[in-house]
Amino acid sequence: MAPRNDGKDGEKNADEPKAERGYATLATLTIGTKAVVEKDDEKRRAEILSIQTRKGRPTYYVHYEEFNKRLDEWVSAERIDLSQEVEWPAPEKPDNKSKQKSAQSKAQQVSKTDSKSQPNKSHQKRPRSATVTREPSETPFELSGKSSRRQSRQGGKENLDPTITLATEEIGGTPQPDDESAIDLVDMQEAAIAAKAAPDHGPYSREEEIEKLRTGGSMTQNQTEISRVRNLERIQMGPYEIEPWYFSPYPAEFADCDLVYICEFCLCYFGSTTQFGRHRKKCTLFHPPGNEIYRDDNVSFFEIDGRRQRTWCRNLCLLSKLFLDHKTLYYDVDPFLFYCMTVRNAHGHHLVGYFSKEKESAEGYNVACILTLPQHQRKGYGKLLIQFSYELSKVEGKLGSPEKPLSDLGLLGYRAYWQEVIVDLLLEREAEGSAIISPEDVGLSLAMTTNDVLHTLQNLNMVRYSNKTHVIVLTEAVLEQRDRQKEKERAKGKRAIEGERLVGWKPPVFTAAARTWNW
């Protein structure tokens with residue numbers, strides 16, 4: 001006799017709708033269908049996210065299973081293998097709220113019928129009741145934005161941690177749980193939106209987080225933002241032809257262009273070669289329209305006020321949105337400063353990357369958005385951008401931190417930079433004979449917040465608890481990884497920002513009107 005499953009698991013599986021499989025034609029393909037699509041001469045299963053008719057022929061926007069979201073693309077009908085079965089989208093599961101509403105309506109109907117069946121008791125004499133006085137409501141907790149947002153650097157629980165001793169040997173102590181601190185990188189607003197849009201999920205383990213970053217492409221969990229379809233096929237900037245990663249709100253007519261031309265100096269965009277050629281003959285800009293505040297043998301940095309150069313900064317935001325799926329600022333750039341990094345040649349300054357920061361950040365962020373253009377990635381420019389943001393914070397006399405959430409590449413870049421500078425500082429202090437050092441000291445020396453320092457130490461498993469005190473441990477794995485990194489730097493050459501070249505720079509001062517939105 002076959003075993004029966006009368007438990008709750010069986011009930012849950014019975015309630016969940018199952019996806020059906022079968023053979024399809026081009027006419028029956030719908031959004032949400034999973035089919036086999038040809039990619040790089042291989043057959044891969046993909047989900048259809050959108051269907052459009054382009055130039056009289058149907059095209060399908062697909063997401064390949066177990067692949068990064070950046071590899072989503074438009075495919076023609078010929079690339080879909082209809083000789084194999086497809087998986088139809090599962091029917092929607094009835095919402096619990098609708099069930100509750102229907103149950104409440106039934107209960108109300110039952111209560112009405114019961115009230116009709118009961119005899120009328122209005123003629124009966126009501127008993128005299130004691131006078132009820134309304135109690136005054138309790139004083140609510142103080143929820144002022146200023147008191148809850150800003151925290152004193154000297155006060156607060158995080159800055160009152162016990163002194164942490166620096167050690168270079170393995171110290172056996174209380175074992176630490178798996179690192180789940182990376183989830184803190186998602187800010188509360190994005191997490192709230194994600195909780196409404198996505199199904200419930202417990203805390204991610206480290207392996208689940210890495211897998212989520214690999215397949216998802218970012219820390220953004222807002223389903224409405226993730227599901228937006230990329231609208232540009234390719235762009236051309238200078239000698240580079242680039243495939244965008246994400247949606248960007250360029251004008252709708254550019255969605256039908258096979259190639260969008262972007263001027264690498266003024267960042268204006270054109271849909272035809274004729275228009276772009278006419279523009280290049282008239283464009284007189286050869287560098288970002290701002291003040292050059294830094295220059296060395298490799299790169300230059302320009303400081304640009306979003307209020308003074310609105311058109312250029314808006315074009316920059318449109319361009320960066322093609323490679324950042326969590327970016328939401330496209331139009332009003334007045335409250336931001338943009339720091340653009342360029343490389344020089346005989347034709348002018350060519351944009352490599354940039355970061356933006358608020359003129360007045362209540363949370364103390366020193367970076368609002370950061371990007372290295374894809375054609376210049378894996379060349380060490382991202383580390384220069386991050387280092388330059390902290391050099392500005394040192395001149396300002398503030399502790400800086402990037403705005404959350406970070407994209408997947410931004411998170412990896414910041415983690416690598418934090419690990420490098422913290423390990424180098426600890427080795428330097430050890431060589432000097434400093435026996436005691438705390439996370440606050442590390443943060444003040446590097447212009448980093450204590451939270452970022454602790455997050456990095458915990459991520460590298462460098463914080464232990466021994467003899468009733470926290471200890472920073474330089475493990476063998478961390479030292480070996482740093483030695484390998486130094487060998488690569490000696491072989492390829494290391495690029496770094498020279499802080500002494502920023503001696504003449506002063507933090508800009510703005511009026512109240514210049515720090516607000518221009519609405």
Side-chain angles (χ1 to χ4, degrees), residues 31 39 46-52 54 59-75 185-187 189-190 193-194 197-198 212-237 240-262 267 269 271 313-331 333 351-356 367-378 382 385 402-413:
I31 296 176
K39 178 177 176 59
E47 180 181 358
I48 299 176
L49 302 180
S50 180
I51 302 175
Q52 290 185 6
R54 293 187 173 185
T59 55
Y60 304 85
Y61 191 75
V62 299
H63 168 70
Y64 299 98
E65 290 185 352
E66 298 183 357
F67 273 72
N68 195 286
K69 181 176 177 289
R70 299 190 188 99
L71 300 179
D72 296 358
E73 61 178 344
W74 289 99
V75 299
L185 294 175
V186 183
D187 66 355
Q189 293 181 354
E190 291 289 339
I193 298 175
K212 178 167 66 69
L213 289 175
R214 185 181 71 83
T215 59
S218 78
M219 293 291 290
T220 301
Q221 299 304 306
N222 186 352
Q223 299 298 319
T224 59
E225 188 73 19
I226 290 176
S227 61
R228 303 189 77 173
V229 175
R230 189 183 68 198
N231 54 341
L232 299 187
E233 280 293 319
R234 292 174 299 151
I235 63 172
Q236 179 176 326
M237 263 189 91
Y240 302 100
E241 198 170 293
I242 313 163
E243 289 187 4
W245 297 346
Y246 307 112
F247 169 86
S248 182
Y250 279 93
E253 56 267 21
F254 288 91
D256 297 330
C257 299
D258 295 331
L259 185 64
V260 176
Y261 301 88
I262 298 179
L267 305 183
Y269 39 88
C313 293
R314 289 169 184 170
N315 290 339
L316 178 63
C317 290
L318 286 175
L319 175 65
S320 63
K321 181 62 184 71
L322 291 172
F323 311 103
L324 296 172
D325 66 337
H326 65 281
K327 184 175 179 60
T328 57
L329 173 67
Y330 317 127
Y331 183 74
V333 295
L351 182 66
V352 171
Y354 86 101
F355 68 88
S356 61
V367 167
C369 185
I370 186 169
L371 171 70
T372 303
L373 294 177
Q375 64 267 32
H376 299 292
Q377 290 180 0
R378 303 186 64 82
L385 285 169
E403 186 175 339
K404 315 302 186 301
L406 291 166
S407 64
D408 58 339
L409 296 181
L411 177 63
L412 295 176

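All residue numbers in this chain count up from 1 along the given sequence.
Under the rule for a side chain to side chain contact (heavy atoms under 4.5 Å, CB included), the partners of Leu259 that lie at least two apart in sequence or sit in another chain are Arg234, Gln236, Glu241, Tyr261. Among residues two or more places apart in sequence or in another chain, the side chain to side chain donor-acceptor pair (under 3.5 Å) test is passed with Ser320 by Tyr354. Residues meeting the salt bridge (Lys or Arg N to Asp or Glu O under 4.0 Å) test with Glu73, sequence neighbours left out: Lys39, Arg79. With sequence neighbours excluded, no residue forms a side chain to side chain donor-acceptor pair (under 3.5 Å) with Tyr60. Residues satisfying the side chain to side chain donor-acceptor pair (under 3.5 Å) criterion with Asp72, sequence neighbours excluded, are His63.
Between Leu324 and Ser407, the shortest heavy-atom contact is CD2-OG, 4.2 Å. In terms of heavy-atom proximity, Phe247 sits nearest to Val229 at CD1-O, 3.3 Å. Between Ala46 and Val62, the shortest heavy-atom contact is CB-CB, 3.9 Å. Here the closest non-hydrogen pair linking Val260 and Leu232 is CG2-CD2, 4.1 Å. Counting all heavy atoms, side chain and backbone alike, Leu373 lies closest to Leu351 at CD1-O, 3.7 Å.
Interatomic distance, CD of Glu403 versus CD1 of Ile370, reported as 12.5 Å (0.5 Å rounding). Note that CD1 of Ile262 and OH of Tyr240 are 15.0 Å apart. Values are rounded to the nearest 0.5 Å. To the nearest 0.5 Å, atoms CG (Leu371) and CZ (Phe355) are separated by 13.0 Å.
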Decide side chain to side chain contact (heavy atoms under 4.5 Å, CB included) for Arg230 and Tyr61; before the verdict, give the C-alpha distance in whole Å, the side-chain angles of both, and the deciding distance to 0.1 Å.
CA-CA 9 Å; Arg230 189 183 68 198; Tyr61 191 75; 3.3 Å; yes
Evaluate the criterion side chain to side chain contact (heavy atoms under 4.5 Å, CB included) for residue pair Arg314 and Leu267; output intermediate values, then yes/no.
CA-CA 9 Å; Arg314 289 169 184 170; Leu267 305 183; over 6 Å; no
Pair Ser248, Phe323 - check side chain to side chain contact (heavy atoms under 4.5 Å, CB included), show working.
CA-CA 9 Å; Ser248 182; Phe323 311 103; over 6 Å; no
Going through the checks in order, is the side chain to side chain contact (heavy atoms under 4.5 Å, CB included) test met by Val333 and Leu316?
CA-CA 10 Å; Val333 295; Leu316 178 63; over 6 Å; no
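Under the 4.5 Å side-chain criterion, counting only non-hydrogen atoms from C-beta, Lys69 is in contact with Tyr246. Between Leu318 and Tyr269 there is a side-chain heavy-atom pair separated by less than 4.5 Å.
Put simply, the side chain of Glu65 never gets that close to the backbone of Glu47: no donor and acceptor are under 3.5 Å apart.
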Pairs of donor and acceptor atoms involving the side chains of residues 249-256, under 3.5 Å and at least two apart or interchain, shall be tabulated with distances.
{"residue": "Tyr250", "atom": "OH", "partner": "Leu319", "partner atom": "N", "Å": "3.4"}

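Salt-bridge formation is detected for the pair Arg70/Asp408: a Lys NZ or Arg NE/NH1/NH2 atom is positioned less than 4.0 Å from an Asp or Glu carboxylate oxygen.
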